[in-house]
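Heads up: the structure comes next, in structure tokens.
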There are 2 protein chains.
Amino acid sequence: MPSHNWRNRFRGRGSRWTAPREAILNLLISTSKHMSAKEIYRSLLRIYPAIGLTTVYRTLDVLEQMGYLNKIPLGTGENKYELITDSSETHHHHLICTQCGRIIDYTDFEESELIKKAEQTLKTKHGFKITDYNFEFYGICKHCQERR
Amino acid sequence: MPSHNWRNRFRGRGSRWTAPREAILNLLISTSKHMSAKEIYRSLLRIYPAIGLTTVYRTLDVLEQMGYLNKIPLGTGENKYELITDSSETHHHHLICTQCGRIIDYTDFEESELIKKAEQTLKTKHGFKITDYNFEFYGICKHCQERR
DNA sequence: TTGGTATTGATAATCATTTTCAATAGCAGT
DNA sequence: ACTGCTATTGAAAATGATTATCAATACCAA
């Protein structure tokens, strides 16, 4: 995805395309990891020493509002973020290790189907307009189990 | 569920049964709401003016460790809690209104079945030992939709 | 009743995220 | 390219939820 595409997306909603935003997006695009705001910030410091943590948060906010970013609450008050790319359109879910914080993605067709159905049901039954959902398993990952 | 039952559960793990803990449990039992730590604290202040917020957090911690409490992250850093009662053994899920914070419970048999299957799959496929899960929909509730 | 120790509550500390605000930089219009 | 408007930026302070500290208290086994 060429960056002028992102530029246009920002411009299209009256937002400006700036150097910090480009740096943040490049990082998010290039990584397949789920990163916290601070991880993103620290990673960017190397190539963009002037960037501020505040700006990271603000850009993540904008991306979330635009619907391009997925916020994953860890339950500790910290959140991790992942870009929603075309290839991940089929929503995937998460395994969160409560020991080391590692997040493992997985996809399950059955689940995705079920969620689509559930969305409809909830809309008609509870008058609830779904904007997002979280489906996460918490537990101990293989790595941490072997460590004890 | 008589309170000596709870007393025994605490004692059984080397914990003590105290007045603050009884007050907190009585509140959690009597309400059907999902409450935040601060809501619990403020509610208890009326009948137990000496109670401290710290104690509320600690008791919630113990209950969660014992497996009797469900922690629901709101995505804002705040958590809400609900007691796991016998009648809710069939795990239910949540609709969280991102506007007013309201949480609506719902149960879906299909979902519960699917989750049980998924737990098994994840264990064998990813070596992940599941301790808990969250299945939540975020959106705008009926009430808030009508307000605009 | 007593002694050991878990628990308590007030206070201070953390940690992630937001707010504030003056300086800067995009960019639309010329 | 120049200008002016205003969105954006980064530093610092503020907020809000949760956790750590610590001396005093209260369970409860013996």
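Keep in mind that this is a model prediction, so the values were computed, not measured. Protein chains get the first letters and strands the later ones, always in sequence-line order, with residue 1 at the start of each.
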Output the rounded distance in Å from [atom1] ([X]) to [atom2] ([N]).
{"X": "L53(A)", "N": "dC15(C)", "atom1": "CG", "atom2": "C1'", "answer": "11 Å"}
{"X": "E78(B)", "N": "dT19(D)", "atom1": "CD", "atom2": "C1'", "answer": "16 Å"}
{"X": "E22(A)", "N": "dG26(C)", "atom1": "CD", "atom2": "P", "answer": "11 Å"}
{"X": "K80(A)", "N": "dA16(C)", "atom1": "NZ", "atom2": "P", "answer": "11 Å"}
{"X": "R42(B)", "N": "dG16(D)", "atom1": "CZ", "atom2": "P", "answer": "11 Å"}
{"X": "R13(A)", "N": "dA7(D)", "atom1": "CZ", "atom2": "C1'", "answer": "12 Å"}
{"X": "L45(A)", "N": "dA11(D)", "atom1": "CG", "atom2": "C1'", "answer": "14 Å"}
{"X": "L60(B)", "N": "dT7(C)", "atom1": "CG", "atom2": "P", "answer": "15 Å"}

To the nearest 10°, give me the bend of the helix from dT1(C)-dA30(D) to dT30(C)-dA1(D), comparing the axes of its five terminal pairs at either end.
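End-to-end axis angle for the helix from dT1(C)-dA30(D) to dT30(C)-dA1(D): 40°, rounded to 10°.
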
How many angstroms lie between [atom1] in [X] and [atom2] in [Y], if you round to the nearest 0.5 Å?
{"X": "I24(B)", "Y": "T55(B)", "atom1": "CD1", "atom2": "OG1", "answer": "6.5 Å"}
{"X": "I40(A)", "Y": "L28(A)", "atom1": "CD1", "atom2": "CG", "answer": "5.0 Å"}
{"X": "L44(A)", "Y": "R42(A)", "atom1": "CG", "atom2": "CZ", "answer": "12.0 Å"}
{"X": "E64(A)", "Y": "T59(A)", "atom1": "CD", "atom2": "OG1", "answer": "12.5 Å"}

Side-chain N or O of [X] closer than 4.0 Å to phosphate OP1/OP2 of [N]:
{"X": "K38(B)", "N": "dA17(D)", "value": "yes"}
{"X": "Y57(A)", "N": "dT17(C)", "value": "yes"}
{"X": "N79(B)", "N": "dA17(D)", "value": "no"}

task = Report the C-alpha separation of L25(B) and W17(B) in whole Å, then their side-chain angles, then the decisive distance to 0.1 Å, and conclude whether the side chain to side chain contact (heavy atoms under 4.5 Å, CB included) test is met.
result = CA-CA 11 Å; L25(B) 267 164; W17(B) 183 243; 3.7 Å; yes

Distance-only side-chain donor-acceptor flag, R13(A) / S15(A), under 3.5 Å
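Yes, a side-chain donor-acceptor pair sits under 3.5 Å.
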
5' to 3', nucleotides 20-30 of chain D under a 4.0 Å protein heavy-atom cut-off (B base, S sugar-phosphate only, - none) gives BB----BBSS-

Check for me whether R21(B) meets the cation-pi criterion with F10(B), that is, NZ or CZ under 6.0 Å from the six-membered ring centre and within 45 degrees of the ring axis.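 The answer is no; the distance or angle limit is not met.
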
query: If each of P49(B) and K71(A) is mapped to the nucleotide of DNA chain C with the nearest heavy atom, which maps nearer the 5' terminus, i.e. the 5' end?
result: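 Comparing both residues, the 5'-ward one is P49(B).
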
Margin query: So H94(A) and H34(A), do their side chains get closer than 4.5 Å, heavy atoms only?
Written below: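 A side-chain contact exists here, since the closest heavy-atom pair is under 4.5 Å.
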
* So does K33(B) have more than 12 non-hydrogen atoms from other groups sitting under 6.0 Å from NZ? ->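 Atom NZ in K33(B) is not crowded, with 12 or fewer foreign heavy atoms closer than 6.0 Å.
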
